[in-house]
Amino acid sequence: MPTNQKFPVNDQSKNYTFFQNVWDVVRQIPSGKVTTYGTIANYLGTGLSARMVGWAMNHSFVVSPKVPAHRVVNRNGMLSGKMHFSPPEKMQSLLEKEGLTIVDDQIKDFQLYFWDPSTELL
DNA sequence: AGTATGACTCATT
DNA sequence: AAATGAGCCATAC
């Protein structure tokens with residue numbers, strides 16, 4: 001485990017792999033696509049709850065390369081995490097810039113942009 | 001050391 | 001169909 005990355009998880013913690021996996025998956029989300037916390041958790045093994053994925057996202061800013069956390073939303077396509085961005089509007093504007101439409105903090109035609117790692121990623 | 005909390009979800013009422 | 005409760009598991013206090 002590289003040392004320049006600092007987050008409140010000990011090196012020996014097996015959860016470290018989980019975090020890395022989460023970030024790796026998120027990084028592979030193509031531009032203009034989104035996925036959900038639960039999907040990622042399920043893809044990595046149902047043993048870990050979606051909350052941990054959200055928690056990983058919360059710390060995705062302190063690792064490098066940076067993770068496109070704006071492409072991860074809850075299962076309804078709602079931008080539940082926008083408030084955790086520097087300017088909260090950043091998340092929405094980034095998604096809109098990638099061609100998505102957001103209404104009331106929700107992605108329009110969410111299913112159309114949904115990206116499932118277990119099916120789209122080998 | 002025990003409780004509370006969270007960028008979540010699913011099952012039950 | 002909307003509201004509620006319960007699992008989830010690592011941090012924070």
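Both backbone and side-chain heavy atoms feed into the values below; hydrogens, waters and symmetry mates do not. What you see is a predicted model, and the numbers here were worked out from it, not measured in a lab. Letters A, B, ... are given to chains in the order of the sequence lines, protein chains preceding strands, and every chain is numbered from 1.
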Closest non-hydrogen atom pair between A:Gly99 and A:Tyr113, with its separation
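That would be O-OH, 3.7 Å.
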
Contact summary for A:Met91 and A:His70, nearest pair of heavy atoms
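Of all heavy-atom pairs spanning A:Met91 and A:His70, the closest is CE-O, 3.4 Å.
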
Could you check whether any side-chain heavy atom of A:Gln92 comes within less than 4.5 Å of a side-chain heavy atom of A:Asp105, counting everything from C-beta outward?
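When only atoms from C-beta onward are counted, A:Asp105 and A:Gln92 do touch, with a gap below 4.5 Å.
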
Taking the side chain of A:Ser49 as its heavy atoms from C-beta onward, which of C:dC8, C:dA10, B:dA7 lies nearest to it?
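Within the option list, the nearest is C:dC8.
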
Quick one: [X] [atom1] to [N] [atom2], roughly how many Å, whole number?
{"X": "A:Asn58", "N": "B:dG6", "atom1": "CG", "atom2": "P", "answer": "11 Å"}
{"X": "A:Met52", "N": "C:dC8", "atom1": "CE", "atom2": "P", "answer": "12 Å"}
{"X": "A:Phe18", "N": "C:dT11", "atom1": "CZ", "atom2": "P", "answer": "11 Å"}
{"X": "A:Met57", "N": "B:dA7", "atom1": "CE", "atom2": "C1'", "answer": "9 Å"}
{"X": "A:His59", "N": "C:dA10", "atom1": "NE2", "atom2": "P", "answer": "14 Å"}
{"X": "A:Leu48", "N": "B:dG6", "atom1": "CG", "atom2": "P", "answer": "20 Å"}

Note: A:Lys33-A:Glu120 ion pair, threshold 4.0 Å (strictly below):
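No, A:Lys33 and A:Glu120 are not salt-bridged.
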
Between N or O atoms, less than 3.5 Å apart, protein on one side and nucleotides 9-13 of chain B on the other: list the pairs.
{"from": "B:dT9", "atom 1": "OP1", "to": "A:Gly38", "atom 2": "N", "distance (Å)": "3.1"}
{"from": "B:dT9", "atom 1": "OP1", "to": "A:Arg75", "atom 2": "N", "distance (Å)": "3.2"}
{"from": "B:dT9", "atom 1": "OP2", "to": "A:Arg75", "atom 2": "N", "distance (Å)": "2.8"}
{"from": "B:dC10", "atom 1": "OP2", "to": "A:Arg75", "atom 2": "NE", "distance (Å)": "3.4"}

Rounded to the nearest 0.5 Å, what separation is found between the NZ atom of A:Lys108 and the CG atom of A:Leu95?
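So the gap between those two atoms works out to 15.5 Å.
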
Heavy atoms only, 4.0 Å cut-off, all strands: where does A:Ala69 land among base, sugar-phosphate and nothing?
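The residue A:Ala69 makes base contact.
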
Rounding to the closest angstrom, what is the interatomic distance between C:dG5 and B:dA4 at atom P?
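One P to the other, the span is 16 Å.
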
Check A:Thr39, A:Leu79, A:Leu100, A:Val72 against A:Val34 for a side-chain contact (heavy atoms from CB on, under 4.5 Å) and give me the one that passes.
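Of the listed residues A:Thr39, A:Leu79, A:Leu100, A:Val72, the side-chain contact (heavy atoms from CB on, under 4.5 Å) partner of A:Val34 is A:Leu100.
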
